[in-house]
Amino acid sequence: GEDVEQSLFLSVREGDSSVINCTYTDSSSTYLYWYKQEPGAGLQLLTYIFSNMDMKQDQRLTVLLNKKDKHLSLRIADTQTGDSAIYFCADGYSSASKIIFGSGTRLSIRP
Amino acid sequence: DTAVSQTPKYLVTQMGNDKSIKCEQNLGHDTMYWYKQDSKKFLKIMFSYNNKELIINETVPNRFSPKSPDKAHLNLHINSLELGDSAVYFCASSPQGWGAFFGQGTRLTVV
């Protein structure tokens, strides 16, 4: 069945880059997404990548997709305290009207 | 002009009660979802509707009954509430096949 996996925690120093990794199992994905959830809030769609792309850059965010290994990563350059949140990787199946989420990676920033 | 709105934001109720959560989207999207987020922040899809038609029911107990009176609304009714139903319930919508935009969540506490 479909599965999306992420490590649960990541701690980085302010100003460094953060790299959050994700693996998924199903090869019929159409889009892959990164969502951000701040405490007490809903999920905010940060960025996405279409499954036939390798890379997408959006200001401080870089998404890399290795379709062969079913590996997705999100790099946040120059990490700031406002980036502290839980980041969810998600796998979209357009034919099934379904989006499956990973367990979320809690990013904490050290001064 | 909130895109996906849920009411209520907080719901505290006793075991055995019946309660409803309402969701409305003004984005003109075809697909709406209910997700459950547990205390460990795991997000699990419960239901997916496309143009008022149920597409996905992810082995949710039949105490949970979604209702979609029109494309812009997807309500969730829960009968005979149990302690284990305590969670944050998120409504989301998407244009078919692409992403999901989330509401702010309803924190349900069953006592």
Side-chain angles (χ1 to χ4, degrees), chain A residues 1-10 20 22 24 26 28-53 56 58 63 72 74 84-108, chain B residues 2-7 9-10 21 23 25 27 29-60 66 68 71 74 87-107 109:
Chain A
E2 314 104 351
D3 196 18
V4 179
E5 292 195 356
Q6 305 177 235
S7 52
L8 292 180
F9 300 99
L10 177 65
I20 303 170
C22 168
Y24 60 97
D26 203 302
S28 61
S29 311
T30 311
Y31 289 95
L32 293 137
Y33 308 92
W34 285 103
Y35 283 82
K36 178 182 182 183
Q37 186 178 30
E38 296 182 70
L43 278 81
Q44 174 198 348
L45 178 60
L46 264 186
T47 187
Y48 65 92
I49 188 165
F50 190 47
S51 57
N52 69 355
M53 296 168 66
K56 181 178 177 184
D58 185 0
V63 180
L72 183 75
L74 173 70
S84 290
I86 301 176
Y87 290 81
F88 290 91
C89 170
D91 190 356
Y93 303 82
S94 61
S95 59
S97 295
K98 193 173 183 174
I99 299 174
I100 302 297
F101 285 81
S103 54
T105 299
R106 191 179 294 268
L107 176 64
S108 60
Chain B
T2 307
V4 182
S5 59
Q6 299 178 226
T7 52
K9 193 168 178 186
Y10 299 97
I21 306 172
C23 179
Q25 55 99 359
L27 299 165
H29 290 164
D30 294 322
T31 306
M32 293 186 75
Y33 310 87
W34 278 108
Y35 281 84
K36 179 180 178 181
Q37 186 173 45
D38 65 22
S39 57
K40 293 188 173 135
K41 305 296 185 185
F42 295 135
L43 260 173
K44 192 165 161 55
I45 188 167
M46 299 173 70
F47 301 104
S48 164
Y49 269 72
N50 190 46
N51 278 316
K52 303 195 302 174
E53 188 184 328
L54 178 67
I55 303 294
I56 290 170
N57 177 343
E58 286 281 312
T59 59
V60 178
S68 183
K71 206 172 87 160
L74 180 62
V88 181
Y89 292 84
F90 285 102
C91 176
S93 74
S94 71
Q96 191 171 1
W98 192 93
F101 295 85
F102 281 77
Q104 288 302 296
T106 296
R107 182 174 294 277
T109 305

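Values reported hereafter were calculated over all heavy atoms of this structure, with side chains retained and with hydrogens, waters and symmetry mates removed.
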Inset, instruction - Could you tell me which portion of B:Y49 (side chain, backbone, both or neither) has an atom closer than 4.5 angstrom to a non-hydrogen atom of chain A? - result: neither
Legend entry - Which residues share a ring pair (Phe, Tyr, Trp, His ring centres under 6.0 Å) with A:F9, sequence neighbours left out: none
Inset, instruction - Please answer whether the main-chain N or O of B:G99 pairs with a side-chain N or O of A:Y33 as donor and acceptor at a distance below 3.5 Å. - result: yes
Inset, instruction - Using salt bridge (charged side-chain N to carboxylate O under 4.0 Å, His left out) as the criterion, list what pairs up with A:E5, not counting sequence neighbours. - result: none
Inset, instruction - Please flag which part of A:I99 lies under 4.5 Å from any non-hydrogen atom of chain B: side chain, backbone, both or neither. - result: both
Legend entry - Per-residue contact mode, B:E58 against chain A (heavy atom under 4.5 angstrom): side chain
Legend entry - Part of A:Q37 within contact of chain B (heavy atom distance under 4.5 Å): side chain
Legend entry - Interface moiety of A:L43 toward chain B, non-hydrogen atoms closer than 4.5 Å: both
Inset, instruction - For a ring-ring contact (aromatic ring centres under 6.0 Å, His included) with A:Y35, tell me which candidate from B:F90, B:F101, B:Y35, B:F102 qualifies. - result: B:F102
Legend entry - Distance (rounded to the nearest 0.5 Å) between A:F101 CZ and B:Q37 CD: 9.5 Å
Inset, instruction - Counting only heavy atoms closer than 4.5 Å, note whether B:L43 contacts chain A via side chain, backbone, both or neither. - result: both
